[in-house]
Enquirer: 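Take a look at this one; I'll ask things after.
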Amino acid sequence: MNILVYDNDEQIGIAAGNYICGQVLAKPDSVLGLATGSTPLKAYAQMIKLYESGAVDFSRVKSFNLDEYCNLDVNDKNSYHSFMAENLFNHININRDYTNFLDGNANDLDAECMAYEEKIDSMGGIDIQLLGIGSNGHIAFNEPSDSFEKYSHVVKLKESTIKDNSRFFKSIDEVPTHAVTMGIGSIMKAKRILLIATGENKADAVKQLVNGNVTPMCPASVLQFHKDVTIMLDKGAASKI
């Protein structure tokens, strides 16, 4: 585990964006695992900046997003389809046919999840997976549980996660209660993992991730077993390690 501590989220965004673009420069047809939420925004801004400067070409890149809400129109401003378009895809030359999402509105969600896993495998697996971490230690929508979920699945969101995500909606009542997400096994198959955490509200989760026992009650703790994890923290998130 390579732990890097920065003064602020601006520095993290630049470093993380450079890190991901470095992967693309080394392998132009890289398969990127992408995340949503406030955590990756500055990293995506740096990726856009590097693309606009001519430093990187995304035309051969494939992407798989970690998760998507259930029962939310993909054109809704709070869907992760819309998030990725607004914050990254509309601003770089990635081929939209190469971008992949779980379909939270599929008639058969179990079949959808299985097909997603098969498509990732058919692309040779994810080269670098970007992650945030929830205040309860969740990664993607893998919530604290009695066991690790291996592969993509449907999940009922914990109250703490719904509360965390309510800032993006008009009210907490509008936040979807279920999502489809890559599982812990899906994430652990990635060749490299980059996790970003900022703010003192993430300090306890980061402490458990880095120094705690590996337990499904803190899903992120499983990353201790991955061979290539880089963690980028600001001083607040790193305050308890």
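These numbers come from a predicted model, not from an experiment. Positions are given from 1 along the sequence.
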Enquirer: Check whether any side-chain N or O of E117 sits under 3.5 Å from a backbone N or O of S152 as a donor-acceptor pair, and report yes or no.
Expert: yes
Enquirer: Taking D73's backbone N and O only, do any of them form a donor-acceptor pair with D76's side chain (distance below 3.5 Å, no angle check)?
Expert: no
Enquirer: Can you find a pair of side-chain heavy atoms, one from M84 and one from N90, that are under 4.5 Å apart?
Expert: no
Enquirer: Using only atom types and a distance under 3.5 Å, with no angle test, would you say the side chain of S82 pairs donor to acceptor with the backbone of V74?
Expert: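 Yes; at least one donor-acceptor contact below 3.5 Å.
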Enquirer: Side-chain heavy atoms under 4.5 angstrom apart, residues restricted to Ile, Leu, Val, Met, Phe, Trp, Tyr: same cluster for I184 and M182?
Expert: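 Linked, I184 and M182 end up in one cluster.
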Enquirer: Determine whether a donor-acceptor pair (N or O, by modelled atom type, separation under 3.5 Å) exists between the side chain of N105 and the backbone of L72.
Expert: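 Indeed, once roles are kept as given, a pair shorter than 3.5 Å links the two residues.
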Enquirer: The test is salt bridge (Lys or Arg N to Asp or Glu O under 4.0 Å); show your working for K240 and D204 and say whether it passes.
Expert: CA-CA 7 Å; K240 295 187 177 181; D204 286 330; 2.6 Å; yes
Enquirer: Could you state whether I3 and I12 fall into the same hydrophobic cluster, counting links through intermediate Ile, Leu, Val, Met, Phe, Trp or Tyr residues with side-chain heavy atoms under 4.5 angstrom apart?
Expert: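 No, no single cluster joins them.
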Enquirer: Assess the pair Y151 and Y116: is the distance between their ring centroids shorter than 6.0 Å?
Expert: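 So the answer is no for these two rings.
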Enquirer: Does CE in M1 sit with more than 12 non-hydrogen atoms of other residues, nucleotides or ligands closer than 6.0 Å?
Expert: yes
Enquirer: Count the heavy atoms belonging to other residues, nucleotides or ligands that lie under 6.0 Å from OH of Y98, then report whether that count exceeds 12.
Expert: no
Enquirer: Verify the distance criterion only: is there a donor paired with an acceptor across the side chains of N136 and K158 at less than 3.5 Å?
Expert: no
Enquirer: Under a plain distance cut-off of 3.5 Å, with no hydrogens placed, do N213 and T215 share a side-chain donor-acceptor pair?
Expert: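 The answer is no; no qualifying pair exists.
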Enquirer: Identify whether L109 and V155 are in the same connected component of the hydrophobic contact network (ILVMFWY, side-chain heavy atoms under 4.5 Å).
Expert: no
Enquirer: Hey, is the main chain of L32 close enough, under 3.5 Å, to the side chain of D127 for a donor-acceptor pair?
Expert: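 Here the side-chain-to-backbone pair does not exist.
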Enquirer: Please verify the inter-ring angle class for F89 with F101; under 30° counts as parallel, over 60° as perpendicular, anything in between as tilted.
Expert: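 Taking F101 first and then F89, their aromatic rings stand perpendicular (interplane angle over 60°).
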Enquirer: When hydrophobic residues are tied together by side-chain contacts of less than 4.5 Å, even through go-betweens, does V206 share a cluster with L223?
Expert: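 Result: yes, single cluster for both.
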